[in-house]
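A short write-up of the structure that comes next.
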Number of protein chains: 4
Amino acid sequence: MAVDKRNSEKYHLIIDAAVTVIAKHGYHHAQVSKIAKEAGVADGTIYLYFKNKEDILISLFRLKMGTFITTIEKRLETCFDAKEKLRFLVEMHLSQLAEQPDLAVVTQLELRQSARELRLKINDVLKGYVQVMENVIDEGKAEGIFQEQLDTKLARQMLFGTLDEIVTNWVMKEGKFDLESLSQETYHMLLTGFQKSS
Amino acid sequence: MAVDKRNSEKYHLIIDAAVTVIAKHGYHHAQVSKIAKEAGVADGTIYLYFKNKEDILISLFRLKMGTFITTIEKRLETCFDAKEKLRFLVEMHLSQLAEQPDLAVVTQLELRQSARELRLKINDVLKGYVQVMENVIDEGKAEGIFQEQLDTKLARQMLFGTLDEIVTNWVMKEGKFDLESLSQETYHMLLTGFQKSS
Amino acid sequence: MAVDKRNSEKYHLIIDAAVTVIAKHGYHHAQVSKIAKEAGVADGTIYLYFKNKEDILISLFRLKMGTFITTIEKRLETCFDAKEKLRFLVEMHLSQLAEQPDLAVVTQLELRQSARELRLKINDVLKGYVQVMENVIDEGKAEGIFQEQLDTKLARQMLFGTLDEIVTNWVMKEGKFDLESLSQETYHMLLTGFQKSS
Amino acid sequence: MAVDKRNSEKYHLIIDAAVTVIAKHGYHHAQVSKIAKEAGVADGTIYLYFKNKEDILISLFRLKMGTFITTIEKRLETCFDAKEKLRFLVEMHLSQLAEQPDLAVVTQLELRQSARELRLKINDVLKGYVQVMENVIDEGKAEGIFQEQLDTKLARQMLFGTLDEIVTNWVMKEGKFDLESLSQETYHMLLTGFQKSS
DNA sequence: GATGAATGAGCGTTCATTCAT
DNA sequence: CATGAATGAACGCTCATTCAT
């Protein structure tokens, strides 16, 4: 597939259709034909832009998570220390998913139903985010804000695991509580978990 | 189905076969016939003990998680404060799954691929564990060890999310690092996140 | 199977259970286990009295139709001419089935869903009835009441076909009209179709 | 399913294949895959033209009986009285089935093995034929040819039951006698059964 | 590039029958 | 005689992917 496909209109049309269809019907009822119909193209057209169904899902995740991560990265650049970075990371993780409920359903629930193989590829995409998180933690340690003996990987697992669990609970409750209002408290718990006792 | 079926030998034989087959072949390739073969019974025999395939999976989760939770609960009863309870909860969560790698693969990766409907039933089972965790947190607050303004639900999501993420990472790395050795550090991070600053 | 099985209590118990179950649940949902339960015996016990499931159905038909035919034959013996015999045959065909609605459902609807092979065996049982009918027709011809050029087989097909269609319609309408009240008119139509023009 | 599917080549190909396969192997051994093979299409193609297996059978009956009934109706329009109509109805009922032995096997024997639900739908199709028959009888009564006190429904049951029984006997004997040659005699029996005594 | 008709592999479940007790 | 747990063959249907137009 030529790289320029990714800039074509139909490419994005199909990915957005996939998000909509999966959020509405669930992963197992998101047939290629349904996605094609939602996108307003023929079934066969899908295969001009994607290698196969799995490729739609990976591309979807790559594109959406790419934006998700980049948005956070950009914001973090303006922060002056790791503490502030942690605060914004938590805030933006929650707010971005709160603002895109369809995407939240897809990433937190539906896409996790995919086969082991696909999940490994999804994890590759997440590696960028993992890096962002670990950088914040390492910076905090370097700045003397976080405990120096903190295991970076473990701390990142706590950070990601906590945020992921919160969002998943929110999606499961069908967004019936305010996700963004939790960020302050969540930030504090994580911060005290990481930082030096004063 | 008569209740005593759950105490019969074949019932457990089939459930253990299901764990083995799912861990080995993955959720989507775990055909009933494969499970039957692994259990050493005929395909039809499965249906003398389980309503359908989904029932095998729910029963599996209920039985294994039931033991998992009960084992932890029993241990926590002997602790004299919430701090100790937190320590053992973390330790036992990790050690129990480390000791049953097949089960870990099934609960952390494979069973999460199940349809939304099944996942809701799985969540019901997890509610017991959620309760155990929230009790520990509430006790810590009552004992004056944890911050009184700590949001119990949020703290529980941090606790569960962290442990779950750690185990999942371990499973994904195919158990190539020592899971149980992480418990001390994990406990400390969570504890400092929860407890009063001294 | 020893012949004396047919006189045993359980033999009849099972056959009556089969009639009940088939009438209630339909041919395709009349599992052997259901019949056994209705008869109050174990599944395996069925096979002490019948070769297989098909044998239950044939035996059922043979027993019930045997009684049906014998009852008619006995009554016809007392008639003094073919005209009267025709009248009673029609009357009794309809009245006997009207009095046993479960049996009517089984013979008119459910048992006809059986495989070709079974239906051939059922036809063997019906040969006795065919004979009774053809005898009446032949007698009518010999007595000079019916047209002598009447084709006996064809006339019998008209006789049986008419009665069978009437009863089937009655069963399909779930017995919502009075079957026996039709016998007079039916008899007249058949009689004029058969008899010499006066 | 779009209406134009019913005019497509494959639609008819599949229905004719179903007739052939059912006539040859019997209702219970007429698997979808066998029908597909006979039609020269893939299994899945069947489901582009039919909702499910039952839909094939209903469509088959509707199409073939539709033609059967229409052919008779057209012919009857040219008749000048009910007597002639009765004659042609009998003649054409027998001749049409005699000319399509496979179809006769399917309608007289095999399709009757279908589940109750399907049979009710089949009966709906037959209602058109029932109407044609009752019209002939009513016309005969109006024209003063048939007895005015004749019960139309009962007479129709005699007419249909007789023809149906004759054809079924012919099919059971595997067409070993000439069906069409019976029409004259059958017509006479039915006519004298219906008409006024002269 | 775009279409959509056609493909065909793959699997959960039922139930008549057996046979050790 | 009677039991009932165990057996295992058999099949309708879905849907990702292809390819002739």
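In what follows, chains are A, B, ... by sequence order, proteins preceding strands, each numbered from 1.
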Between [X] and [Y], is any pair of side-chain heavy atoms under 4.5 Å apart?
{"X": "B:V32", "Y": "B:Y47", "result": "yes"}
{"X": "D:S59", "Y": "D:Y11", "result": "yes"}
{"X": "A:F50", "Y": "A:I15", "result": "yes"}
{"X": "A:V105", "Y": "A:D102", "result": "no"}
{"X": "D:V19", "Y": "D:Q100", "result": "no"}

*asked:* With a strict under 4.0 Å distance from non-hydrogen atoms of chain B, what nucleotide opens and what nucleotide closes the contacted stretch of DNA chain F, reading 5' to 3'?
replied: F:dA6 to F:dG8
Please report, rounded to the nearest Å, how far the [atom2] atom of [N] is from the [atom1] atom of [X].
{"X": "C:Y27", "N": "E:dA16", "atom1": "OH", "atom2": "C1'", "result": "12 Å"}
{"X": "B:I35", "N": "E:dT13", "atom1": "CD1", "atom2": "C1'", "result": "14 Å"}
{"X": "A:L13", "N": "E:dA2", "atom1": "CG", "atom2": "P", "result": "11 Å"}
{"X": "C:D55", "N": "E:dA16", "atom1": "CG", "atom2": "P", "result": "14 Å"}
{"X": "B:L48", "N": "E:dT14", "atom1": "CG", "atom2": "C1'", "result": "11 Å"}
{"X": "C:H29", "N": "E:dC15", "atom1": "NE2", "atom2": "P", "result": "7 Å"}
{"X": "D:Y47", "N": "E:dA9", "atom1": "OH", "atom2": "C1'", "result": "14 Å"}
{"X": "C:L57", "N": "E:dA16", "atom1": "CG", "atom2": "C1'", "result": "12 Å"}

_Residue closer to the 5' end of DNA chain F, D:D43 versus C:G44 (nearest nucleotide)_ = C:G44
*Residue mapping more 5' on DNA chain F - nearest nucleotide basis, B:V41 or C:A42*: C:A42
*B:E54 or A:G40: which one's nearest nucleotide on DNA chain E is closer to the 5' end?*
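Taking each residue's closest nucleotide, the earlier one in sequence belongs to A:G40.
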_Earlier contact from the 5' end, DNA chain E, for D:K10 and B:H28_ =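 This one resolves to D:K10.
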*Which atom names give the shortest non-hydrogen contact between B:Y27 and B:Q113, and what distance separates them?*
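Of all heavy-atom pairs spanning B:Y27 and B:Q113, the closest is CB-OE1, 3.7 Å.
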*A:D16 and A:K64: salt bridge (Lys or Arg N to Asp or Glu O under 4.0 Å), yes or no, with the steps?*
CA-CA 10 Å; A:D16 287 337; A:K64 298 300 181 184; 3.0 Å; yes
*Extract the stems that DNA chain F is part of, considering only consecutive pairing runs of at least three Watson-Crick or G-U wobble pairs, both distances under 3.5 Å.*
E:2-21 with F:2-21
Scan [X] against the nucleic acid and name what it touches under 4.0 Å (heavy atoms): base, sugar-phosphate only, or nothing.
{"X": "B:V32", "answer": "base"}
{"X": "B:K37", "answer": "nothing"}
{"X": "D:K34", "answer": "nothing"}

*Flag the pair B:E38 and B:K24 as a salt bridge only when some basic side-chain nitrogen lies within less than 4.0 angstrom of an acidic carboxylate oxygen.*
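Looking at B:K24 together with B:E38, the answer is no, because their closest N to O distance does not fall below 4.0 Å.
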*asked:* Counting only heavy atoms from other residues, nucleotides and ligands, does the tally under 6.0 Å from NE2 of B:H29 exceed 12?
replied: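 Not buried by this count: 12 neighbours or fewer within 6.0 Å.
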*Side-chain N or O of A:Y49 closer than 4.0 Å to phosphate OP1/OP2 of E:dA2*: yes
*Would you say E:dC15 has OP1 or OP2 under 4.0 Å from some side-chain N or O of C:S33?*
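Indeed not, no polar side-chain atom of C:S33 lies that close.
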*asked:* What verdict does the salt bridge (Lys or Arg N to Asp or Glu O under 4.0 Å) test give for A:D124 and A:K127, after you've listed the backbone C-alpha separation in whole Å, the side-chain angles of each residue and the deciding distance to 0.1 Å?
replied: CA-CA 5 Å; A:D124 278 346; A:K127 273 183 186 159; 3.3 Å; yes
